[in-house]
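Single-structure report; data block below.
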Amino acid sequence: MPEGHLVHRTAREQAADLAGCRVHVSSPQGRLDTEALDGRVLSEVSAHGKHLLHRFEHGRTVHVHLGMRGLWLRYPDPAPPPRKGVRLRLAGRATYDLIAPTTCEVLTDRGVRELSGRLGPDPLRADSSAGEAVARLRASAAPVGAALLDQSVWSGVGNAWRAELLWLARLDPRTPAAELSEADVHRLWELARDFMTMGRDAGQVVSDAAAGDERWVYKRERCRSCGAPIRVEQLGGRTSYACPVEQR
DNA sequence: GTGGCATGGACAT
DNA sequence: TGTCCCTGCCACA
């Protein structure tokens, strides 16, 4: 569920409910020490790739990565008691409960910088450089379909976006990233920026502005465009979907 | 009701 | 490569 577009959407939602508030921070499950955070003013909620960052005014930041199974639950006030296993509860103008994240930790500003340093440009961040994004992808030794999932190359793209973006760009996922032209990669970056922005606003992967619920190739048996049987294979450790006719 | 898979990623091995 | 993360969804009994 949580590719970068949804993490950015969550950041926007939580900022509206929590930013500028003194937030009651607790860990009902007990696995996070929240003493340094409870009652502090939350200044900003932001996203970098699939990582969510809650920065507090005194210079501490909660870093959350949902992984495959994690989720946020939102409750308008008054919130019910937390269900079993809630790792983190943030209570401001509304209450958010965090369930089953891969990562939930408190970082200093230095820790945040180190995290950002490990992540490539994010198509949904205004401070990302297209030139750097193009250069990083073309510097990868991997097939473009594997490079796109490497969060140190570009951050925020997951398996569904990989499939749909490469179809939109008419690129074969198996093509070595280093063999792609600068123009091709620049176009791929612009597609990522434009469609992931639509996806963030719609709350789902959007690869056809006129048909937000449809996919071209991802998890399909046949290409939605030409009807060819989709080529399914493992690439970059995950299942890749591509149209063998249109993506050469 | 149950079991397998998955829109991640870190870590052990 | 396997395994964990207090999951959700779907197909199939």
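Below, each value reflects all heavy atoms present in this structure, side chains not excepted, and no hydrogens, waters or symmetry copies. Chain letters run A, B, ... following the sequence lines, proteins first, then strands; residues in each count from 1. This one's a predicted model, so the numbers in the text were calculated from it and none came from an experiment.
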For this session: Check every strand shown and say whether A/R31 touches a base, only sugar-phosphate, or nothing at a heavy-atom separation below 4.0 Å.
Result: sugar-phosphate
Seminar exercise, completed: Here the distance between atom C1' of C/dC4 and atom CD of A/Q29, to the nearest Å, is 13 Å
Exercise. Can you check the A/Y241 OH to B/dT7 C1' distance for me, whole Å?
Worked result: 10 Å
Same-atom distance ([atom1]) from [N] to [M], integer angstrom:
| N | M | atom1 | value |
| --- | --- | --- | --- |
| B/dG1 | C/dC5 | C1' | 24 Å |
| C/dA11 | B/dT7 | P | 16 Å |
| C/dC6 | B/dA12 | C1' | 22 Å |
| C/dG2 | B/dA6 | P | 15 Å |

Looking only at atom types and distance, does a side-chain atom of [X] sit under 3.5 Å from a main-chain N or O of [Y], one as donor and one as acceptor?
| X | Y | answer |
| --- | --- | --- |
| A/W216 | A/S207 | yes |
| A/D122 | A/G49 | yes |
| A/W154 | A/A133 | yes |
| A/Q204 | A/L6 | no |
| A/S240 | A/E233 | no |

Exercise. Any ring pair (Phe, Tyr, Trp, His ring centres under 6.0 Å) pairs touching residues 100-143 of chain A, not counting sequence neighbours?
Worked result: none
Heteroatom pairs (N/O) under 3.5 angstrom, protein to nucleotides 9-12 of chain C:
none

For this session: With a 4.0 Å heavy-atom cut-off, tell me which residues in residues 77-91 of chain A come close to DNA chain C, sorted by residue number.
Result: A/R83, A/K84, A/G85, A/R87
Quick one: closest heavy-atom pair of [X] and [Y], and the distance?
| X | Y | result |
| --- | --- | --- |
| A/H24 | A/D38 | ND1-OD1, 2.6 Å |
| A/L137 | A/A177 | O-CB, 3.2 Å |
| A/A11 | A/S46 | CB-C, 3.9 Å |

For this session: Indicate yes or no: does A/R110 engage A/E114 in a salt bridge with an N to O separation below 4.0 Å.
Result: yes
Exercise. Does a side-chain N-to-carboxylate-O contact under 4.0 Å join A/D172 and A/R231?
Worked result: yes
Exercise. Residues sharing A/V64's hydrophobic cluster, by side-chain heavy-atom contacts under 4.5 Å among ILVMFWY, directly or via others?
Worked result: A/V7, A/L18, A/V23, A/V25, A/L32, A/L37, A/L42, A/V45, A/L52, A/F56, A/V62, A/L66, A/W72, A/L88, A/L90, A/Y96, A/L98, A/V106
For this session: Check the hydrophobic clustering (I, L, V, M, F, W, Y; side-chain heavy atoms under 4.5 Å; chains of links allowed) and say if A/L235 and A/V185 are grouped together.
Result: no
Exercise. Where along residues 218-235 of chain A does a heavy atom fall under 4.0 Å from DNA chain B?
Worked result: A/Y218, A/K219
Please produce a list of atom pairs where a protein N or O lies less than 3.5 Å from an N or O of nucleotides 9-13 of chain B.
| unit_1 | atom_1 | unit_2 | atom_2 | d |
| --- | --- | --- | --- | --- |
| B/dG9 | OP1 | A/K50 | NZ | 3.4 |
| B/dG9 | OP2 | A/K50 | NZ | 3.3 |

Problem set entry | Nearest-neighbour nucleotide for the A/L71 side chain, C/dT7, B/dT7, C/dC5 considered | C/dT7
